[in-house]
Amino acid sequence: MNIHEYQGKEILKRYGVRVQEGITADTAEEAVEAAKKLNAETGTSWYVVKAQIHAGGRGKGGGVKLAKNLEQVRDIADQIIGMQLVTKQTGAEGRKVHKVLIAQDVYYPGESETKEYYMSVLLDRATGKNVIIYTTEGGMDIEEVAEAHPDKINKEYVDPAVGLRPFQASKIAFNLGLTGPAQKEMVKFVSALYKAYDDTDSAMFEINPVLKTSDNKILAVDAKVTLDDNALYRHKDFEALRDTNEEDPLEVEASESNLNYVKLDGNVGCMVNGAGLAMATMDIIKLSGGEPANFLDVGGGANAQTVEAGFRIILKDPNVKAILINIFGGIVRCDRVANGVVEAYKNIGDIKVPIIVRLQGTNAEEGARIIDESGLKVYSAVLLKDAAEKVKEVLAMQNA
Ligand code: GDP
Ligand code: MN
């Protein structure tokens, strides 16, 4: 689950990570009030208006702007709230901005130069460790830095059982070229950041830029946080951080029915039990000349309700030209699933796209018989190969 910058910063603050302070607003009037409050709390008289969407690259897309007085705060907030913000990460359609963060300006002049760094903490699956990725080349696209200056990207691996050791934090501060008070601040920053990542069971904390201010403070200007969905049950309070505006409506509906659904761009909808089988099914669809319209894992206990919920979600995708149901009857018996398919079909009614059902495992033949005798426009297949052939046939029929 992704969360907004302002929510990520709230988590960071709880762990003692210094952040660029800010207050959220949903309207231009609220933005002015937020700025006044921020002025009272921090003394800042310049502000940054930041669009809150779940995508990076907001600055370049016109979603982060500096305001030098309250009038500008109002004008910029008015312009950003409600805009369809297009960034490198949103796709061409962009994302609608519902909320802005009014933040203090932290690039003020002072005794030394401001300097931007990049730092992220994430899980490295290959080594089974956490890794802190950092570079002096902050502020810009990390992908571009990785390509142009791979030597400037540093990695510090952290054994999750041991945690971040003090010498590692010192090494990071040293490699970033920091000395004196800024060096001390960075050690504190890294340690607190790692703790925040670890305690919240997050999949990623990405801070770009980490800023050294002109008075040698180290703080997080941005925060891109991905919480691990599989650990959310341990953090009940995180449920409130979810913003369904930022999610695909079909994916939201699927998660309400406890279905594991990811929307894709193809034309063959698929409903499968088990993630591995779902991946294999998507491969088979591609091999037969189709493109999967989605990933959908109905889980171990496929029954009439889950099948129906899955059907409804797949059918809402206008690109779907055929549906392949591929269920392995292990714990759940194929005849039950077949009855579920027939029942769901009847309940939904008026399904125009052909459906190919492949049931394998316990009571597979019985399942196939139920499908064949139902009189509905459902084709049964026992072998995965046959199912793929049928997908090919129905797609060809539609193109003819
Ligand atoms: P992103 O573009 O989505 O990554 O959003 P960021 O929060 O990283 O902000 C984008 C850019 O806005 C930063 O890299 C900075 O250059 C700039 N920016 C952010 N905060 C301030 C600020 O307080 N003052 C000034 N002058 N610029 C800022
Ligand atoms: Mn950023």
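All values below come from the heavy atoms of this structure, side chains included, with hydrogens, waters and symmetry mates left out. Order of appearance sets the numbers: ligands from 1, and atoms from 1 within every ligand.
By the 3.5 Å distance cut-off applied to N or O atoms, Pro209 is not counted among the residues near ligand 1. Considering both main-chain and side-chain atoms, Val106 comes within under 3.5 Å of ligand 1 through a nitrogen or oxygen pair.
Identified under the side-chain hydrogen bond (donor to acceptor under 3.5 Å, both in side chains) test for residues 179-190, with sequence neighbours left out: Arg18-Glu185. Pairs engaging residues 154-167 under the salt bridge (charged side-chain N to carboxylate O under 4.0 Å, His left out) rule: Glu156-Lys171 [sequence neighbours left out].
A donor-acceptor distance shorter than 3.5 angstrom exists from the side chain of Arg58 to the backbone of Ala51, with no hydrogens or angles considered. Asp78 places no side-chain N or O within 3.5 Å of a backbone atom of Ala28 that could act as its donor or acceptor partner. Judged by distance alone, the side chain of Glu251 and the main-chain N or O of Lys263 form a donor-acceptor pair under 3.5 Å.
Protein heavy atom closest to atom 6 (P) of ligand 1, with residue, atom name and distance, is Asp222 OD2, 3.5 Å. Distance from atom 20 (N) of ligand 1 to its nearest protein heavy atom, with residue and atom name: Gln20 NE2, 3.2 Å. Considering only non-hydrogen protein atoms, atom 15 (C) of ligand 1 sits nearest to Tyr107 OH, 3.4 Å.
Under 2.8 Å from the Mn ion (ligand 2), one finds the following protein N/O/S atoms: Asn208 O, Asp222 OD2.
Qualifying side chain to side chain donor-acceptor pair (under 3.5 Å) partners for Glu29, counting only residues two or more places apart in sequence or in other chains: Arg74.
Residue contacts with ligand 1, taken as heavy atom pairs separated by less than 4.0 Å, involve Asn208 solely via the backbone atoms N, CA, C and O.
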